[in-house]
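What you are looking at is a predicted structure, and each value in this text was computed from that prediction instead of being measured.
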Amino acid sequence: MNQNGKTKLIISGVLAVILVTATLITLIALRREKPIEETAVSLDYEITLSAASNAENVPQASAQTDSGMSDYSSYPLKTPSECQAVIDAYAADHGIDPLTYPIDMVNLLSTNPDTLDFVLHYPEYAGTQDGPEYPGSIDMSGDFTTVRVPEYYQFDIRWGYKTYAGGIVGLNGSGPTALSMAASYLLGNRDMNPAWMASYAENNNYTLEGGTNWTLMSDGATGLGIDVTPITAEQDRIERNLDVGNLVMCLMGPGDFTTSAQYILIVGYSDEGYEIRDPGSPSRTALRWQYDRLAPQMDGCWIMRIL
């Protein structure tokens, strides 16, 4: 073999070595990329699982409780916009047009979170409680007792949607609801529920546009067989009447109970304060109130008793 042939052979060998080396480098690189690719897929899968797991802990409008009703109590209810949000969620879940909720319902919920169930059910019950037979069909057996003044609330779904004083009992009915508690206890008559009392007030002209005339607590209560005495808001006189088992009906002005007018019933007292029945709030009913806190808000007081 001449010198020229040897040179060509050497060049061919070098090229072959370079080609083999390049092939090996490529294979090694591919093998290294594969675990990285698998790790990326694995991380994405873990992130997906984590997001799904966390989603179970986020309050959802369609999350069902054991009772079959969606649980909306986890929604914030501090502002009208937050209240509108929970109303919209309930409406969407139940096929209800959210426009069927009047603005009064939004405002009621924003000022009183205790009314949540009442507000959400408004489109389902509005206009269904005005029949003359309705008050008598309400079962009060679980609420009534002759040894304790009952707790009735004007926004109870059993009567809160009944038309009253240009609106409904749930909005305007603190008067008949408060008198219903007093009359049921003093007269021992469970049939005098708030729906019955609202009809009594309407039929005897004891209502005002948006509320109840104070004459329901004087003439109206007397007509039911209750002895009524109007008094000034004097601590000694209030407590002497409570000592002998009488009740004190109060019309409250703006303050802790209302921005306008609200009737409450004082049923007893102790060192902790006065025990009340506020038809607008179980939360306020559960508290004990000092005389000095209540007195400046009292616009009228009536002693109620049976002779």
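- By the criterion of side-chain heavy atoms lying less than 4.5 angstrom apart, applied directly or through intervening Ile, Leu, Val, Met, Phe, Trp or Tyr residues, Val228 is grouped together with Leu247 in one hydrophobic cluster.
- Between Ile266 and Met298 there is a side-chain heavy-atom pair separated by less than 4.5 Å.
- Looking at heavy atoms from C-beta onward, Met304 lies in side-chain contact with Leu179 at the 4.5 angstrom threshold.
- Interatomic distance, Ile87 CD1 to Leu116 CG, rounded to the nearest 0.5 Å: 8.5 Å.
- For Tyr291 (side chain) and Ala233 (main-chain N/O), a donor-acceptor pair under 3.5 Å exists by modelled atom type.
- Counting all heavy atoms, side chain and backbone alike, Gln290 lies closest to Asp271 at NE2-O, 4.2 Å.
- Judged by distance alone, the side chain of Asn203 and the main-chain N or O of Ser199 form a donor-acceptor pair under 3.5 Å.
- With a 4.5 Å cut-off on side-chain heavy atoms, Glu275 and Leu242 do not count as touching.
- Using a 4.5 Å heavy-atom cutoff, the side chains of Val248 and Leu265 are not in contact.
- Between the side chain of Asp130 and the backbone N or O of Thr163, at least one donor-acceptor pair lies under 3.5 Å.
- Of all heavy-atom pairs spanning Leu294 and Met252, the tightest one is O-CE, 3.7 Å.
- Under the 4.5 Å side-chain contact rule for hydrophobic residues, Leu77 and Ile103 share a cluster.
- The two atoms that bring Pro176 and Leu216 nearest to each other are N-CD2, 4.0 Å, heavy atoms only.
- A distance of 6.0 Å separates CE of Met140 from OG of Ser180, quoted to the nearest 0.5 Å.
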* Please test Trp196 against Asn193 for side chain to side chain contact (heavy atoms under 4.5 Å, CB included), starting from the C-alpha separation and ending with a verdict. => CA-CA 5 Å; Trp196 185 94; Asn193 58 62; 3.8 Å; yes

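- Legend: residues meeting side chain to side chain contact (heavy atoms under 4.5 Å, CB included) with Ala91, ordered by chain and number and at least two apart, are Ile96, Pro98, Tyr101.
- Inter-residue side-chain proximity for Tyr206 and Asp219 is flagged as met; some heavy-atom pair is nearer than 4.5 Å.
- The CG atom of Asp143 sits 7.0 Å away from the CG atom of Asp156 when rounded to the nearest 0.5 Å.
- The distance from the CG atom of Leu120 to the CG atom of Leu109 is 7.0 Å, given to the nearest 0.5 Å.
- Across all their heavy atoms, Leu224 and Ala183 have their closest contact at CD1-CB, 4.4 Å.
- Placement of Tyr72 and Leu108 within a single hydrophobic cluster is found when ILVMFWY residues are connected by side-chain heavy-atom separations under 4.5 Å, directly or transitively.
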* To do: List the steps and the verdict of side chain to side chain contact (heavy atoms under 4.5 Å, CB included) for Met105 and Leu171.
  => CA-CA 9 Å; Met105 290 293 105; Leu171 291 170; 3.8 Å; yes

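- No side-chain donor-acceptor contact under 3.5 Å links Asp227 to the backbone of Leu307.
- Taking each heavy atom of Thr128 and Glu124 in turn, the nearest pair found is CG2-O, 4.1 Å.
- Tracing side-chain contacts under 4.5 Å through hydrophobic residues (I, L, V, M, F, W, Y), one never reaches Ile264 starting from Met181; they form parts of separate clusters.
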* To do: Assess whether side chain to side chain contact (heavy atoms under 4.5 Å, CB included) is satisfied between Arg277 and Tyr152, documenting all intermediate values.
  => CA-CA 8 Å; Arg277 299 287 185 270; Tyr152 300 155; over 6 Å; no

* Asked: Can Trp214 and Tyr263 be said to form a side chain to side chain contact (heavy atoms under 4.5 Å, CB included), step by step?
  -> CA-CA 9 Å; Trp214 62 266; Tyr263 290 92; 3.8 Å; yes

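- At least one donor-acceptor pair closer than 3.5 Å links the side chain of Tyr161 to the backbone N or O of Phe118.
- Judged by distance alone, with hydrogens and angles left aside, the side-chain atoms of Trp289 form a donor-acceptor pair with the main-chain N or O of Arg284 at under 3.5 Å.
- Between the Ser184 side chain and the Arg190 main chain, no donor and acceptor come within less than 3.5 Å of each other.
- Note that the CE atom of Met197 and the OG1 atom of Thr177 stand 9.5 Å from one another [nearest 0.5 Å].
- Between the side chain of Asn112 and the backbone N or O of Gly280, at least one donor-acceptor pair lies under 3.5 Å.
- No more than 12 heavy atoms of other residues, nucleotides or ligands shown are found within 6.0 angstrom of CZ on Arg293.
- Within the 4.5 Å cutoff, the side chain of Arg240 has no heavy atoms near those of the Glu234 side chain.
- For Gln154 (side chain) and Gly175 (main-chain N/O), no donor-acceptor pair under 3.5 Å exists by modelled atom type.
- Between the side chains of Tyr153 and Asp114, no donor-acceptor pair of N or O atoms lies under 3.5 Å.
- No continuous path of hydrophobic side-chain contacts links Val267 to Ile303 [ILVMFWY only; heavy atoms under 4.5 Å].
- Between Met249 and Ile226, the closest side-chain pair of non-hydrogen atoms is not below 4.5 Å.
- Residue Thr100 comes nearest to Pro123 through the heavy atom pair OG1-CG, 3.5 Å, listed as atom of the first residue, atom of the second, then distance.
- Rounding to the nearest 0.5 Å gives a distance of 8.0 Å between CG of Leu251 and OG of Ser174.
- Judged by distance alone, with hydrogens and angles left aside, the side-chain atoms of Arg237 form no donor-acceptor pair with the main-chain N or O of Ile231 at under 3.5 Å.
- Counting only N and O atoms by type, the side chains of Tyr164 and Thr212 include a donor and acceptor under 3.5 Å apart.
- Within a 6.0 Å radius of CH2 in Trp302, more than 12 heavy atoms belonging to other residues, nucleotides or ligands are found.
- Tyr274 places a side-chain heavy atom less than 4.5 Å from the side chain of Ile238.
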